[in-house]
Student: 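Take this structure, written in structure tokens, and hold onto it; I'll ask about it next.
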2 protein chains.
Amino acid sequence: MSEAPRTPSGRVPGKKEDGRTARARSTRARIVTAAAELFTTAGYTTTSITAIAAKAEVSEPTVYYSFGTKRAILTTALDLAVAGDDEPIPTLERQWVRDALADPDPLGQLRRQVAGAADIYLRAAPLLDVVRSAATTDPDLAEVWAANLQQRLTVQRVFTDALARKTTLRDGLTAEAAADVALAVLSPENYNLLVAHRGWSHQQWQDWAVDALTRLLTPADGHA
Amino acid sequence: MSEAPRTPSGRVPGKKEDGRTARARSTRARIVTAAAELFTTAGYTTTSITAIAAKAEVSEPTVYYSFGTKRAILTTALDLAVAGDDEPIPTLERQWVRDALADPDPLGQLRRQVAGAADIYLRAAPLLDVVRSAATTDPDLAEVWAANLQQRLTVQRVFTDALARKTTLRDGLTAEAAADVALAVLSPENYNLLVAHRGWSHQQWQDWAVDALTRLLTPADGHA
DNA sequence: ACATTCTTATAGTGTGACTATGAAAACTCC
DNA sequence: GGAGTTTTCATAGTCACACTATAAGAATGT
């Protein structure tokens with residue numbers, strides 16, 4: 001009953017791998033990628049376990065053996081997409097976050113944090129949308145979504161606190177309200193809306209987000 | 001087979017009502033309000049027709065007789081909430097839109113259009129979220145959501161075109177891009193995030209939206 | 001060889017949207 | 001007040017799909 005720490009893909013870090021567990025892990029990977037593609041194109045509820053098994057070229061019981069529930073497949077896929085790798089490092093401890101916080105220039109910080117968010121959304125925005133939608137049908141996924149939102153808020157708070165130490169925020173703008181604004185501007189919903197639906201490029205979105213955060217969080221100085 | 005125009009609640013305008021159809025309409029109304037409450041609290045998929053029938057105090061076959069599908073109940077509820085009344089008047093022909101377009105002051109226009117959006121979201125934001133979520137499970141609801149988004153985009157384009165005639169937009173900002181930005185700022189997702197989830201007041205959101213649109217769409221003049 | 005782990009085949013359960021049929025109940029019209 | 005129409009209800013059943021149960025076959029480790 002003792003739980004070993006696991007990477008999103010199911011690997012136990014720092015432990016030599018069996019040929020069996022390696023094969024099992026590759027099966028899991030095939031299932032996750034197949035499911036992610038189906039989820040993001042056809043939708044969560046619309047995608048049946050049967051379809052996932054077919055696309056991954058495994059039998060249906062194997063899917064259940066590997067993940068247990070459909071929900072587990074989605075959360076695994078999300079973790080992988082958000083992290084971008086197989087390391088279970090919290091966002092706040094990622095290097096780009098440290099770099100952004102350490103940047104003495106407020107604009108530099110904003111640029112770095114927008115780039116970081118964009119990097120994540122490039123991989124994970126569609127899946128985040130899937131989770132958000134499925135949250136209304138599955139209470140457990142609702143918790144996952146709530147946790148993700150809470151996490152993003154925490155990150156934004158850390159960023160706006162840092163920002164407030166480097167420059168003055170706009171008159172009457174508390175660090176908390178600034179975090180809320182950043183949360184809204186840098187939300188996956190906005191990214192999806194502008195990039196996926198309105199056809200903005202990844203770079204356009206970043207430029208816009210940096211500009212928007214600058215204009216909305218810091219006082220207007222003449223050099224616009 | 002000739003279809004009469006109908007209000008969202010099912011009334012045929014300008015036609016004297018039977019006692020029967022009046023009763024039927026009141027049952028439809030009971031079903032819609034019951035369903036809307038359940039949808040927004042428990043979610044679309046989670047809410048069963050049985051539960052709706054129970055809350056509306058009608059039998060299950062009556063629900064099917066009145067609406068046919070679960071989806072039809074949701075779309076009816078959404079139409080009612082968005083319109084705010086029983087009149088099938090398109091958004092662009094509503095009085096507040098005319099007033100906003102006619103306002104010679106750019107800031108006045110922004111204030112009016114934000115107030116109009118806020119007024120709609122005050123009633124319809126939760127249901128819009130329900131539709132957005134359910135859109136991934138039901139292709140027909142996906143169309144409803146797409147139509148709603150398209151409609152909001154059209155409205156924003158009209159507004160930004162009008163704005164561009166009253167004042168200059170920011171350097172390099174086309175009217176189309178401005179509409180996209182307004183679409184994002186005034187999205188129901190942002191309203192839900194800031195008001196429902198982050199605890200902003202209805203008025204705070206409006207003030208913020210007016211300020212954000214001013215800063216993001218019009219050039220910075222010194223009087224900030 | 002033998003045990004362990006992974007994969008598969010087959011059959012079944014439970015839930016919930018939707019359909020079918022038919023019969024009461026309420027209302028309109030004559 | 002009775003015939004016809006519309007609305008409501010009762011009952012039963014279909015179908016899709018997530019998930020479970022059981023057991024057997026295949027691959028790998030010792």
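Since we're looking at a predicted model, the values are computed, not measured. Labels below follow one simple rule: chain letters A, B, ... track the order of the sequence lines, proteins then strands, and each chain is numbered from 1.
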Student: Are there more than 12 heavy atoms of other residues, nucleotides or ligands under 6.0 Å from atom NE2 of A:H197?
Tutor: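 No, the 6.0 Å shell around NE2 holds no more than 12 heavy atoms from other groups.
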Student: Just the rounded figure in Å: distance from C1' of D:dC19 to CG of A:D138.
Tutor: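 Going from CG in A:D138 over to C1' in D:dC19 covers 13 Å.
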Student: Report yes if a side-chain nitrogen or oxygen of A:T27 is closer than 4.0 Å to either non-bridging phosphate oxygen (OP1 or OP2) of C:dT7; otherwise report no.
Tutor: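 For C:dT7, OP1 or OP2 has a side-chain N or O of A:T27 closer than 4.0 Å.
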Student: Determine, step by step, whether B:V130 and A:T136 satisfy the side chain to side chain contact (heavy atoms under 4.5 Å, CB included) criterion, reporting the C-alpha distance in whole Å, the side-chain angles of both residues, the deciding distance to 0.1 Å, and the verdict.
Tutor: CA-CA 8 Å; B:V130 170; A:T136 69; over 6 Å; no
Student: Atom CZ of B:R25 and atom C1' of D:dT6: how far apart are they, to the nearest Å?
Tutor: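 From B:R25 CZ to D:dT6 C1': 16 Å.
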Student: Between atom CG in B:L38 and atom P in C:dG16, what is the gap in whole Å?
Tutor: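 Distance, rounded to whole Å: 13 Å.
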Student: Please tell me if B:S59 has a side-chain N or O lying less than 4.0 Å from either OP1 or OP2 of D:dC9.
Tutor: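 The answer is yes; a side-chain N or O of B:S59 sits under 4.0 Å from OP1 or OP2.
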Student: I'd like to check the salt bridge (charged side-chain N to carboxylate O under 4.0 Å, His left out) partners of B:E37; sequence neighbours left out, ordered by chain and number.
Tutor: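 B:K55.
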Student: Separation of B:L74 atom CG from C:dA17 atom P, in whole Å?
Tutor: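 Value for this atom pair: 13 Å.
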Student: Write down the distance between CD (A:E57) and P (C:dT8), rounded to a whole number of angstrom.
Tutor: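 It is 10 Å, rounded to the nearest whole Å.
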Student: Given C:dC6, is OP1 or OP2 found less than 4.0 Å from the side-chain N or O atoms of A:Y65?
Tutor: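 A:Y65 to C:dC6 OP1/OP2: side-chain N or O found under 4.0 Å.
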Student: Regarding B:D129 and A:R132, does a basic nitrogen lie under 4.0 Å from an acidic carboxylate oxygen?
Tutor: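 The answer is yes: the pair qualifies as a salt bridge.
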Student: Find every protein N or O atom lying less than 3.5 Å from an N or O atom of nucleotides 23-25 of chain C, and list the pairs.
Tutor:
none

Student: How would nucleotides 12-18 of chain D be written as a contact map, 5' to 3', with B for base contact, S for sugar-phosphate-only contact and - for no contact, using protein heavy atoms under 4.0 Å?
Tutor: ------S
Student: For the residue pair B:Y121 and B:Y191, categorise the inter-ring angle as parallel (less than 30°), tilted (30 to 60°) or perpendicular (more than 60°).
Tutor: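 Ring orientation, 0 to 90° scale: tilted.
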Student: Indicate yes or no: at least one non-hydrogen side-chain atom of B:L186 is less than 4.5 angstrom from one of B:W205.
Tutor: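 Answer yes - side chains close enough.
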Student: Is the B:F39 ring parallel, tilted or perpendicular to the B:Y44 ring (thresholds 30°, 60°)?
Tutor: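 Geometry flag for B:Y44 against B:F39: tilted rings.
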